[in-house]
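Below is one structure; the comments refer to it alone.
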Amino acid sequence: MTTFDKREQGFEAKFVHDEEFLFKATARSNKLLGLWAAGQLGLSGDAAASYAAALVTDHLESRTMDDVVGKVSGDLAGKGIAREQVAARLQECLHQALAQLEADRP
C-alpha cells in the first residue's frame with residue numbers, strides 16, 4: 001500500500017467519523033429540544049418522551065434544522081412562543097449535545 005492510499009483511507013475514515021458525530025449531535029439536540037418543547041406543551045413522562053423521540057425519528061434522512069424549528073414552533077404557536085425562541089433554544093440544545101458527546105468520547 002502506498003502512502004497515497006494510506007492517506008486516502010485516513011481521509012475517508014475521518015469523513016465517516018465526522019458524519020457519524022454530526023448525526024449523533026443532531027439527533028441528541030433534537031431530542032433535547034423535543035423534551036423542552038414537551039414541557040412547554042404540558043407533556044410529561046411517556047408523552048414527553050414520545051414527542052421527543054418523534055422529533056428525532058420522523059423524516060430522519062430529510063429533516064433539516066429549519067424543518068425541526070418549523071415543526072416545534074408550529075406546535076408551540078398557541079403557547080405564545082415565537083419561532084426565533086425555538087431556533088435559539090435549538091442552538092442551545094446543539095451546544096449542549098456537542099458538549100455531552102465530547103464528554104462521552106474515550
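Atom set for the values below is all heavy atoms of this structure, side chains included, hydrogens, waters and symmetry mates excluded.
Rounding to the nearest 0.5 Å places CG of L55 at 6.0 Å from CG of L33. Atoms CD and CD, from Q85 and Q40 in turn, are 9.0 Å apart once rounded to the nearest 0.5 Å. Remark: R89 CZ to L32 CG distance equals 8.5 Å, nearest 0.5 Å. Within the model, atoms NZ of K6 and OG1 of T2 stand 8.5 Å from one another, a figure rounded to the nearest 0.5 Å. To the nearest 0.5 Å, the span separating NZ on K79 from OG on S73 amounts to 15.0 Å.
For L101, the side chain to side chain contact (heavy atoms under 4.5 Å, CB included) partners at least two apart in sequence or on another chain are F21, K24, A25, R28. Residues meeting the side chain to side chain contact (heavy atoms under 4.5 Å, CB included) test with L35, sequence neighbours left out: K31, A52.
Electrostatic pairing of D67 and K71 does not count as a salt bridge here, judged by no charged N lying under 4.0 Å from a carboxylate O.
Put simply, the side chain of K14 reaches to within 4.5 Å of the side chain of D18, judged on heavy atoms. A heavy-atom distance below 4.5 Å is found between the side chains of L90 and S29. Here the side chains of M65 and Q91 are in contact, with some heavy-atom distance below 4.5 Å.
Grouping the Ile, Leu, Val, Met, Phe, Trp and Tyr side chains by contacts below 4.5 angstrom, directly or via other members, places V56 apart from L41.
Of the possible donor and acceptor atoms, none in the side chain of E19 sits under 3.5 Å from a partner among the backbone N and O of V16.
The minimum heavy-atom distance between A37 and Y51, with the atom names listed, is CB-CE2, 3.7 Å.
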